[in-house]
Amino acid sequence: QVQLVESGGGLVQAGGSLRLACVASGRTFSNYAMGWFRQAPAKEREFVATINWSGRATDYADSVKGRFTISRDNAKNTVYLQMNSLTPEDTAVYYCATSLYSSVIPREYAYWGQGTQVTVSS
């Protein structure tokens with residue numbers, strides 16, 4: 001049974017920073033790519049960032065490039081999302097997910113966490 005548990009969300013002012021973490025259990029973490037997605041109210045879930053199994057390859061949505069950084073610590077079974085220069089448009093529930101390969105497509109991820117709320121006030 002694969003479990004993903006996100007943490008680190010909260011309320012922050014525009015221009016601030018947050019660091020999300022996602023701890024995985026139930027499979028060999030280092031064998032799989034990880035992704036972060038987000039979903040705002042009344043919107044579809046959208047891709048944010050992905051990282052391959054080794055951490056040497058990453059990809060980002062255009063809307064977060066230069067502001068967000070995805071990283072992983074395979075020894076801790078954890079993937080991180082460092083979010084800087086946050087804007088109200090970043091307000092959403094953020095989800096981590098795991099897949100065989102890095103992808104920007106949500107349906108290619110088999111397992112998902114429960115999500116963590118990020119709210120950015122103006």
Side-chain angles (χ1 to χ4, degrees):
Q1 183 78 4
V2 177
Q3 284 194 317
L4 302 173
V5 180
E6 301 100 333
S7 62
L11 174 64
V12 64
Q13 288 190 327
S17 298
L18 283 174
R19 188 193 196 201
L20 306 184
C22 171
V23 179
S25 62
R27 73 196 307 184
T28 304
F29 179 76
S30 58
N31 287 351
Y32 298 92
M34 298 295 295
W36 284 98
F37 294 78
R38 66 187 182 186
Q39 188 166 17
K43 292 189 176 182
E44 292 189 354
R45 191 167 298 189
E46 66 172 359
F47 167 74
V48 175
T50 185
I51 188 167
N52 77 331
W53 67 272
S54 69
R56 287 194 282 266
T58 59
D59 193 15
Y60 297 90
D62 288 343
S63 59
V64 307
K65 274 181 185 174
R67 301 188 298 123
F68 290 12
T69 302
I70 189 171
S71 62
R72 67 190 295 161
D73 185 339
N74 286 343
K76 296 182 178 180
N77 288 358
T78 303
V79 62
Y80 303 97
L81 186 68
Q82 177 67 44
M83 306 186 296
N84 299 328
S85 303
L86 286 161
T87 74
E89 289 68 37
D90 295 315
T91 295
V93 177
Y94 283 71
Y95 299 89
C96 70
T98 181
S99 174
L100 282 175
Y101 305 104
S102 292
S103 173
V104 304
I105 303 173
R107 67 173 180 270
E108 295 189 355
Y109 288 77
Y111 298 97
W112 293 79
Q114 83 289 348
T116 185
Q117 177 70 47
V118 171
T119 303
V120 184
S121 63
S122 57

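Any value given below was found using the heavy atoms of this structure, including those in side chains, with hydrogens, waters and symmetry copies removed. The structure displayed is predicted, hence computed values, not measured ones.
Across every non-hydrogen atom of Asn74 and Ser30, the tightest pair is ND2-CB, 3.5 Å. Contact record, Pro88 with Ser121: CG-C, 4.4 Å, taken as the closest heavy-atom pair. Scanning all heavy atoms of the two residues, the minimum distance from Ala33 to Ser102 falls at CB-N, 3.3 Å.
The shortest side-chain heavy-atom distance between Leu4 and Tyr109 does not fall under the 4.5 Å cut-off. Side-chain contact between Arg38 and Leu81: absent, with no pair of heavy atoms (C-beta onward) separated by less than 4.5 Å. Within the 4.5 Å cutoff, no side-chain heavy atoms of Tyr101 are placed close to those of Glu108. Residues Tyr80 and Arg19 have side chains in contact (heavy-atom distance under 4.5 Å, counting atoms from C-beta outward).
Atom OG of Ser7 and atom CD of Gln114 lie 9.0 Å apart (nearest 0.5 Å). With values rounded to the nearest 0.5 angstrom, Glu6 atom CD is found 4.0 Å from Cys96 atom SG. Taken from CZ in Arg27 to OG1 in Thr98, the straight-line distance is 4.5 Å, to the nearest 0.5 Å. With rounding to the nearest 0.5 Å, the separation of CG in Asn84 from OG1 in Thr69 is 6.5 Å. With values rounded to the nearest 0.5 angstrom, Ser63 atom OG is found 7.0 Å from Asp90 atom CG. Note that CD of Gln82 and CG of Leu20 are 9.0 Å apart. Values are rounded to the nearest 0.5 Å.
Qualifying side chain to side chain donor-acceptor pair (under 3.5 Å) partners for Thr58, counting only residues two or more places apart in sequence or in other chains: none.
Residue Met83 is grouped with residue Ile51 when hydrophobic side chains (ILVMFWY) are merged at heavy-atom distances under 4.5 angstrom, including chains of intermediate members. Following chains of ILVMFWY side-chain contacts shorter than 4.5 Å, one can reach Leu18 starting from Val48, so the two form part of one hydrophobic cluster. Hydrophobic clustering of Ile, Leu, Val, Met, Phe, Trp and Tyr side chains at less than 4.5 Å, counting indirect connections, unites Trp36 with Leu86. Tyr111 and Val93 end up in different hydrophobic clusters when Ile, Leu, Val, Met, Phe, Trp and Tyr side chains are linked at under 4.5 Å. Under a hydrophobic clustering in which Ile, Leu, Val, Met, Phe, Trp and Tyr are joined whenever their side-chain heavy atoms come within less than 4.5 Å, directly or via other members, Val2 and Met34 fall into the same cluster.
The side-chain contact (heavy atoms from CB on, under 4.5 Å) with Leu11 is formed by just one residue from the set Thr119, Thr91, Val120, Val118; it is Thr119.
For CH2 of Trp53, the number of neighbouring non-hydrogen atoms (other residues, nucleotides, ligands) closer than 6.0 Å is 12 at most. Within a 6.0 Å radius of CD in Gln3, no more than 12 heavy atoms belonging to other residues, nucleotides or ligands are found.
A cation-pi geometry, defined here as NZ or CZ lying under 6.0 Å from the six-membered ring centre and within 45° of its normal, holds between Arg72 and Phe29.
Ring centroid separation for the pair Phe37 and Trp112 comes in under the 6.0 Å cut-off.
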